[in-house]
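Atom set for the values below is all heavy atoms of this structure, side chains included, hydrogens, waters and symmetry mates excluded. Chain naming here is simple, since letters A, B, ... match the order of the sequence lines and numbering starts at 1 in each.
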Amino acid sequence: MRYISYILALLAGTALSFEGAIYGELGKTIGKLETSFYNFLVGSIILGLLWLFFGKGKLSYVVEAPKWTLLGGVLGVVYLTSIVISVPFVGVGITMVAVIIGQLVMSIVIEHYGWLGSKKSKINKEKILAVISMVIALILVY
Amino acid sequence: MGILMILFTFIGGLTLSAQSAVNGTFGRKAGTIETTLLTFITGTMFLAILILFFGNGNLLAILEVPKWQLSAVFLGVLFLLFIIAAVPKIGVIATNITVIIGQLVIGILIDNFGWFNSLVVPLDSKRYVALLFMIIALYFIYKGNKRTSEEDAS
């Protein structure tokens, strides 16, 4: 079961790069904030449909959840807008490298301290080696 | 300008990891589709306000652009659904490193072929070695995570 989660995450990453490249183009025509808005508006419609037909969770949890857990949307806006602005200037590759370094730093910190409700998981030798390999890969790409 | 852009996207990366942690937490209680829906709805509201004040593009041009440029929204939806499903199972670091590898591989391909009118950056031997290191990283994160969960179990 566990490896399915890895495959999903890998596919999510490929979706992210394609998305960045395509929205970089769209942003040139309709504007950067407008591109983000398009994504979130139409995404809401798609998910509204998905939810009506397949949703079996508990949306009403929104009213009981701690308020900070509702901030995902705002964080996504910052991410997407920064991508749309940057891609036409420096290319998809370098944009992704910058995003990635941000992601790496943040996820290590989050998981080590168990911030934002994630399961606390101490850094071990393998994780450090993984990060070192990623940094080497990034330097080579750059 | 370039450096500023890179710094800006770095912050974008920080928020992306924070988002996956926050959404993973919410998703455990509310469900994957529900969490993604909430993320998109609140994002829409937030951007509507931003556009009212700062928007200087032309939203109506959306009717004239080639349709493939509009298809990225499905990718955005898939990305969030997958992330929210993966984080509670394998944790923030493993999810993000795996996402990153997917991103990099496709990013390198897009650059090499100049797909979607992006800047062309050719795939050279350095980038091949980089791909190798990514596979090594994936291997270590998988092992590291397995060890953590084994220690938790005992």
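There is a path of hydrophobic side-chain contacts, each under 4.5 Å, that joins B:Y139 to A:I136. Neither B:I51 nor A:I45 shares a network with the other; the hydrophobic side chains, linked directly or stepwise wherever heavy atoms of I, L, V, M, F, W or Y lie under 4.5 Å apart, form separate groups for each.
With hydrogens and angles ignored, the 3.5 Å screen pairs no side-chain donor or acceptor of A:T69 with any backbone N or O of B:V22. Counting only distance, with no hydrogens or angles, the side chain of A:S5 and the backbone of B:A86 share no donor-acceptor pair below 3.5 Å. Between the side chain of A:Y23 and the main chain of B:V73, a donor-acceptor pair closer than 3.5 Å is present.
Counting heavy-atom pairs closer than 4.5 Å to chain A, the top-ranked of the candidates B:A85, B:G76, B:G27 is B:G76. Chain B forms more heavy-atom pairs under 4.5 Å with one residue of A:V131, A:L50, A:V99 than with any other, namely A:V99. Ranking A:G48, A:A12, A:G31 against chain B, the residue ahead of the rest is A:A12, based on heavy-atom pairs under 4.5 Å. Options B:G12, B:A48, B:A30 differ in how many heavy-atom pairs under 4.5 Å they form with chain A, and the most are formed by B:A30. Highest contact tally toward chain A, considering only B:I11, B:N23, B:L14, is held by B:L14 [criterion: heavy-atom pairs under 4.5 Å]. Across A:E19, A:M106, A:K125, A:E34, the residue that shares the most heavy-atom pairs under 4.5 angstrom with chain B is A:E34. Ranked by heavy-atom pairs under 4.5 Å with chain A, the list B:L109, B:L37, B:L78, B:I136 is led by B:L37. Contacts with chain B were tallied for A:L41, A:L129, A:V78, A:V135; A:L129 has the most, counting heavy-atom pairs under 4.5 Å. Your options are A:G13, A:G76, A:A15, and the one with the most heavy-atom pairs under 4.5 Å with chain B is A:G13. The choice from B:P66, B:A18, B:G24 that makes the most heavy-atom pairs within less than 4.5 Å of chain A is B:A18. Heavy-atom pairs under 4.5 Å with chain A peak, among B:T32, B:I62, B:T35, at B:I62.
You'll find the side chain of B:V77 reaches within 4.5 Å of the side chain of A:L47, heavy atoms only. Side-chain contact between A:Y79 and B:Q19 is absent, with no heavy-atom pair separated by less than 4.5 Å. Side-chain contact between A:T14 and B:V105 is absent, with no heavy atoms from C-beta onward closer than 4.5 Å. At a threshold of 4.5 Å between non-hydrogen side-chain atoms, the residues B:I33 and A:F54 count as touching.
Counting heavy atoms of neighbouring residues, nucleotides and ligands inside a 6.0 Å radius, atom NZ of A:K28 exceeds 12 of them.
Only the side chain of B:L81 has a heavy atom closer than 4.5 Å to any heavy atom of chain A. For B:L38, the part lying under 4.5 angstrom from a heavy atom of chain A is the side chain only. Both the backbone and the side chain of A:L33 come within less than 4.5 Å of a heavy atom of chain B. B:V129 touches chain A through backbone and side chain together, each having a heavy atom under 4.5 Å away. Looking at B:F46, only its side chain comes within 4.5 Å of chain A, counting heavy atoms on both sides. There is no contact between B:Y128 and chain A, counting heavy-atom distances below 4.5 Å.
A:I110 and B:A21 get closest at one heavy-atom pair: CG2-CB, 3.9 Å. When every heavy atom of B:Q69 is checked against every heavy atom of A:E25, the shortest pair comes out as NE2-CB, 3.8 Å. The two residues B:T98 and A:Y6 have their closest heavy-atom pair at CG2-O, 3.2 Å.
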Check: Under the side chain to side chain contact (heavy atoms under 4.5 Å, CB included) criterion, do A:I22 and B:W68 qualify, and how do the steps go?
Finding: CA-CA 8 Å; A:I22 295 172; B:W68 65 265; 4.0 Å; yes

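Rounding to the nearest 0.5 Å gives a distance of 11.5 Å between CD1 of A:I128 and CZ of B:F140. The OH atom of A:Y38 lies 4.0 Å from the CG atom of B:L70; values are rounded to the nearest 0.5 Å. Going from atom CZ of A:F18 over to atom CG of B:L75 covers 8.0 Å, rounded to the nearest 0.5 Å. Annotation: the span from B:I100 atom CD1 to A:L10 atom CG amounts to 11.5 Å, rounded to 0.5 Å. In this structure, the separation between CZ on B:F133 and CD1 on A:I132 is 10.5 Å, given to the nearest 0.5 Å. Here the CD-CG distance, from A:Q103 to B:L16, works out to 4.5 Å after rounding to the nearest 0.5 Å.
With A:S44 as reference, B:T44 is the one residue of B:T39, B:T36, B:T42, B:T44 to meet the side chain to side chain donor-acceptor pair (under 3.5 Å) rule.
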